[in-house]
Amino acid sequence: MLNKNKMANVVLNFSSANSISDPNDRSVLIIGLKQHLACYDAVKTKLVPRVDGETYKAAIDTLHPLPTDSISLWFNNATAAALPVKVSRHNTPSRSHSITKLVKSCLSGAGNEVIVMVCDKDNMFASACAIGRAFPLFSRKSGYMSKTTKRVVTVEFVLSDGGTVTEEEAQTLSVSVESIRLAARLVDTPCNEMNTDHFIEEVKKVGVELAIEPFIVQGESLQEKGFGGIYGVGKAAEHAPALAVLSHKPDHATQTIAWVGKGIVYDTGGLSIKGKTGMPGMKRDCGGAAGLLGAFRAAVKMGFKENLHLVLCLAENSVGPLSARPDDIHVLYSGRSVEINNTDAEGRLVLGDGVAYAARDLKADIILDMATLTGAQGISTGKYHAGLLTNNEDWETACMKAGRNSGDLVFPLVYSPELHFSEFGSAVADMKNSVADRGNAQSSCAGLFIGAHIGFDFPGVWIHIDMASPSHSGERATGYGVALLLSLFGRASKSALLNSVSPLGTTQNNEVVENASKKIRLV
């Protein structure tokens, strides 16, 4: 088993070439469906002179993936690994979760290496993202801290239809995976190194990279400008809460899209404090903001044709003399008042401000918020599928398709505000912030609280993604959301590869414009 610490010291290179190397000099891992692995000629450039065709065929014949299987071809320097034979309709055809596990378990971890992914062209994007998730960047282990030399892992693709990978496609894969690893690093970093000020610095770094000046409202200015949700949650912390915005506004844009992220850098629960077993891991409560920052970086770098705003709601839900109390009433940016009955239901408060800002100030046609919002999400849709809540059925279907195309899976939650929003009834305010009955569609209700701050009659598209469980696998962040957003909004990208994995796929250009509005059709 590879020492996971070595994964953090890796540079990933995605190549369009079919390089030649000897396993004695550079170890190789070949991954694919068993039927795709059968062709020796496609991979022999990484195996000769150590493994001949007859030996290779005999080794592949012994693979029995239940669900996966692997075999050594030449000591620990050459390995073939087979993916599950079948996947169900709610899984991704790429088998991305199995790819990540195989990369973690089968690489030798010694010196420079090459991964050969044998797959269909349709699964190339999701497969690359899955490989990237196996290489987290953050580590404070002493062995890692002392290392100055980076290992280089090169990723190459053999396409089952005999096609080739273009330089542009390799660049798209590289930028996408860089952004996934960035998001995972932010989530993995503990709050003593990733407080709200540190997170703002990360936003500024992305801004410099994209030549975008961030708009930041922090501390007492939040209260003065009406952001009562963000301010109320974060006012007790040493480092002040903030609203951080990056805006990409290209010429000839036809619509405005806003991505709103929950960035709770640590969640103690506030005065409704979490217990000793519930609090560890709450550094991950910024997963929505981290995923959207990564997605924004990649989308803009690859050429996004529409107005795109990133709105990050940053706070630490801390305990102190200034902590919000149960029974306090906060007025959010929407103008609606909220009676606090649970200080541990803080994410919806900051996002309520964020979506209201996106609707009122940014005039967004499409608002997507993403958050590690509820523990109930894992009960509702599990560890692999984020919960999805939206006011638009077409976008609901599109999100599910984008999830399968990208490997960041999603599944719908019940959208029925007329049945569920009464859970937030208050005698003294417009609403409470936590439900009366925790057994009544809890994840749906939490999302509806956010939607209430743009109004259930909002004329545009609103999408809420609760990714509390898929934001991490074990003790490591997954960078969830980057691949999903790049796929979902792929039609707005100049990247041909992202267009191909969008919900519309390879629809011809004359079919992707909504005639009445002249907007680019995204789903």
Side-chain angles (χ1 to χ4, degrees), residues 87 89-94 96 119-129 159 161 163 165-166 168-169 171-173 175-176 179 248 250 252-259 291-292 295-296 298-308 364-368 370 385-386 388-412 459-465 481-523:
V87 291
R89 63 192 178 94
H90 289 153
N91 198 357
T92 169
S94 66
S96 61
C119 64
D120 295 334
K121 181 70 173 283
D122 290 346
N123 294 326
M124 182 172 69
F125 176 72
S127 299
C129 294
L159 302 181
D161 64 359
V165 180
T166 67
E168 180 190 356
E169 289 169 339
Q171 180 63 16
T172 295
L173 298 178
V175 172
S176 301
S179 298
H248 167 72
H252 311 300
T254 66
Q255 54 197 315
T256 298
I257 300 159
W259 294 345
L292 291 181
F296 182 87
V300 175
K301 280 182 74 75
M302 289 183 285
F304 201 81
K305 294 181 283 189
E306 301 287 32
N307 293 326
L308 181 62
D365 304 293
I366 301 168
I367 299 174
L368 180 146
M370 190 167 77
H385 298 71
L388 166 69
L389 194 71
T390 176
N391 64 354
N392 186 291
E393 188 173 6
D394 290 339
W395 278 86
E396 180 177 277
T397 301
C399 285
M400 294 176 65
K401 187 168 185 180
R404 292 192 295 271
N405 289 350
S406 66
D408 281 345
L409 296 168
V410 296
F411 196 79
V461 175
W462 169 63
I463 303 163
H464 163 69
I465 297 172
V482 176
L484 174 66
L485 272 290
L486 293 178
S487 173
L488 181 60
F489 292 90
R491 271 290 163 188
S493 177
K494 294 180 181 178
S495 163
L497 179 58
L498 293 185
N499 271 258
S500 72
V501 297
S502 72
L504 288 176
T506 54
T507 306
Q508 295 300 310
N509 286 336
N510 61 1
E511 299 177 25
V512 300
V513 176
E514 299 177 2
N515 291 330
S517 63
K518 301 300 182 183
K519 293 179 180 178
I520 296 175
R521 183 183 166 200
L522 299 176
V523 301

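Just so you know, these numbers come straight off a predicted model, no measurement behind them.
- Closest approach of Leu409 to Gly403, counting heavy atoms only: CD2-O, 3.7 Å.
- When all heavy atoms of His248 and Val300 are compared, the pair lying nearest together is ND1-CG1, 3.7 Å.
- The shortest heavy-atom contact between Trp259 and Ala299 is CH2-CB, 4.2 Å.
- Between the CG atom in Leu173 and the CG atom in Leu498 there is a gap of 9.0 Å [rounded to 0.5 Å].
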Query raised in the report: Could you walk me through whether Cys399 and Leu488 pass the side chain to side chain contact (heavy atoms under 4.5 Å, CB included) check?
Result: CA-CA 6 Å; Cys399 285; Leu488 181 60; 3.7 Å; yes

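- Residues Trp395 and Ile366 are in side-chain contact: their nearest non-hydrogen atoms beyond the backbone lie under 4.5 Å apart.
- Taking CD1 of Ile367 as the reference point, atom OG1 of Thr390 lies at 11.0 Å (rounded to 0.5 Å).
- Note that the CG atom of Leu292 and the OG atom of Ser179 stand 12.0 Å from one another [nearest 0.5 Å].
- The aromatic rings of Phe411 and His90 stand perpendicular to each other, their planes meeting at an angle above 60°, with 30° marking the opposite boundary.
- Side-chain contact between Leu497 and Met302 is absent, with no heavy-atom pair separated by less than 4.5 Å.
- Contact between Ala298 and Ser176 at its shortest, heavy atoms only, is CB-CA, 4.5 Å.
- Residues Val87 and Thr92 have side chains not in contact (no heavy-atom distance under 4.5 Å, counting atoms from C-beta outward).
- Inter-residue side-chain proximity for Lys121 and Met124 is flagged as met; some heavy-atom pair is nearer than 4.5 Å.
- Under the 4.5 Å side-chain criterion, counting only non-hydrogen atoms from C-beta, Asn392 is not in contact with Val523.
- For the residue pair Arg491 / Asn499, a side-chain donor-acceptor distance below 3.5 Å is found, with atom types taken as modelled.
- Here the straight-line distance linking atom CG of Asn405 with atom OG of Ser502 works out to 8.0 Å at 0.5 Å rounding.
- By the salt bridge (Lys or Arg N to Asp or Glu O under 4.0 Å) test, Glu396 pairs with no residue at all, sequence neighbours left out.
- For Thr256 and Asn307, the side-chain atoms include at least one donor-acceptor pair closer than 3.5 Å.
- Atoms OG and CG, from Ser96 and Asn91 in turn, are 7.0 Å apart once rounded to the nearest 0.5 Å.
- Of all the heavy atoms in Leu388 and Ile465, the pair that sits closest is CD1-CG1, 4.4 Å.
- Annotation: side chain of Ser406 is not in contact with side chain of Val501 (no heavy-atom distance under 4.5 Å).
- In this structure Lys305 satisfies the salt bridge (Lys or Arg N to Asp or Glu O under 4.0 Å) test with no other residue, sequence neighbours excluded.
- Not a single donor-acceptor pair under 3.5 Å links the side chain of Ser493 to the backbone N or O of Phe489.
- Contact check for Asp122 versus Pro93: no side-chain heavy atoms found under the 4.5 Å cut-off.
- Atom-to-atom distance recorded for Ser495:OG and Lys301:NZ is 13.5 Å, nearest 0.5 angstrom.
- Between Ile520 and Gln255 there is a side-chain heavy-atom pair separated by less than 4.5 Å.
- The residue from Leu504, Val461, Ile257 that alone fulfils the side-chain contact (heavy atoms from CB on, under 4.5 Å) condition with Leu522 is Ile257.
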